[in-house]
*Asks:* 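Mind having a look at this structure? Questions to follow.
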Amino acid sequence: QVQLVESGGGLVQAGGSLRLSCAASGRTFSNYVMGWFRQAPGKEREFVSAISWSGGSTTYADAVKGRFSISRDNAKKTVYLQMNVLKPEDTAVYYCAAGSGSWLRTDDRRYDYWGQGTQVTVSS
């Protein structure tokens with residue numbers, strides 16, 4: 001079992017930055033691929049980014065490529081999402097997720113554990 005707790009969300013103006021954190025507890029954190037997803041009001045949950053066990057491989061949704069950066073610190077059992085040049089359309093609840101296995105995946109059905117989410121609101 002893995003427990004995930006997100007933090008770092010908030011209200012920011014367009015063009016600003018936020019860094020989300022996701023702290024894990026439970027089983028060996030470094031065995032899991034970690035992902036970030038988001039869900040805006042009235043919309044389906046969508047993939048944002050994912051990172052491999054070692055942090056050596058990452059992938060991003062086209063909508064955030066070049067603006068967001070995912071990283072992880074296995075010693076601290078934490079994954080981060082640095083979000084820069086935020087836009088109003090980035091407004092959503094952001095969730096982190098953990099998936100067993102070594103391959104990066106964008107399908108939320110391939111993740112085993114989820115956090116409760118943190119709200120990000122970007123004002124225009």
*Asks:* If you apply the rule ring-ring contact (aromatic ring centres under 6.0 Å, His included), what do you find for Y32 with Y111, and how did you get there?
*Replies:* CA-CA 9 Å; Y32 291 87; Y111 286 84; over 10 Å; no
*Asks:* On a heavy-atom basis, which atom in A24 and which in V2 lie closest, and how many Å separate them?
*Replies:* CB-CG1, 4.3 Å
*Asks:* I need the minimum non-hydrogen distance between S71 and V79, along with the two atoms involved.
*Replies:* O-CG2, 3.1 Å
*Asks:* Any donor-acceptor pair under 3.5 Å linking the side chain of E6 with the backbone of G117?
*Replies:* yes
*Asks:* Is there a side-chain contact (heavy atoms from CB on, under 4.5 Å) between T28 and K77 once you walk through the steps?
*Replies:* CA-CA 8 Å; T28 306; K77 295 185 177 182; over 6 Å; no
*Asks:* Less than 4.0 Å between a side-chain N and a carboxylate O, is that true for D107 and R105?
*Replies:* no
*Asks:* Answer yes or no for R72 and F29: cation-pi contact, defined as NZ/CZ to six-membered ring centre under 6.0 Å and angle to ring axis within 45°.
*Replies:* yes
*Asks:* Angle between ring planes, F68 versus Y94, binned at 30° and 60°: parallel, tilted or perpendicular?
*Replies:* tilted
*Asks:* Report, as yes or no, whether the 6.0 Å neighbourhood of atom CZ on R110 holds more than 12 heavy atoms from other residues, nucleotides or ligands.
*Replies:* no
*Asks:* For Q3 and S25, which I'm curious about, is there any donor-acceptor pair between the side chains at under 3.5 Å?
*Replies:* yes
*Asks:* Identify whether V93 and F37 are in the same connected component of the hydrophobic contact network (ILVMFWY, side-chain heavy atoms under 4.5 Å).
*Replies:* yes
*Asks:* Please answer whether the main-chain N or O of S100 pairs with a side-chain N or O of N31 as donor and acceptor at a distance below 3.5 Å.
*Replies:* no
*Asks:* Counting only N and O atoms by type, is there a donor-acceptor contact under 3.5 Å from the side chain of S54 to the main-chain atoms of G56?
*Replies:* yes
*Asks:* Tell me whether W114 contacts the main-chain N or O of A98 through its side chain, where contact means a donor paired with an acceptor under 3.5 Å.
*Replies:* no
*Asks:* When rounded to the nearest 0.5 angstrom, what distance separates OG in S21 from NZ in K76?
*Replies:* 9.5 Å
*Asks:* Could you tell me if D73 and T78 have a donor-acceptor pair between their side chains, going purely by distance under 3.5 Å?
*Replies:* no
*Asks:* Considering non-hydrogen atoms only, spot the tightest contact between L20 and W36 and give its length.
*Replies:* CB-CH2, 3.6 Å
*Asks:* Side chains of residues 42-50: which donor-acceptor pairs under 3.5 Å do they make with residues two or more places apart or in other chains?
*Replies:*
residue, atom, partner, partner atom, Å
R45, NE, D108, OD2, 3.3
R45, NH2, D108, OD2, 3.4
E46, OE2, R38, NE, 2.6
E46, OE2, R38, NH2, 3.1
S49, OG, T59, O, 3.0

*Asks:* Would you kindly confirm whether Y60 and M34 end up in one hydrophobic cluster when ILVMFWY residues are joined by side chain heavy atoms under 4.5 Å apart?
*Replies:* yes
*Asks:* For L104 versus I51, what's the shortest heavy-atom pair and its separation?
*Replies:* CD2-C, 3.4 Å
*Asks:* Side chains of residues 80-89: which donor-acceptor pairs under 3.5 Å do they make with residues two or more places apart or in other chains?
*Replies:*
residue, atom, partner, partner atom, Å
Q82, NE2, N84, OD1, 2.9
N84, OD1, S17, OG, 2.9

*Asks:* State, yes or no, whether a side-chain contact exists between V12 and T121 at a heavy-atom distance under 4.5 Å.
*Replies:* no
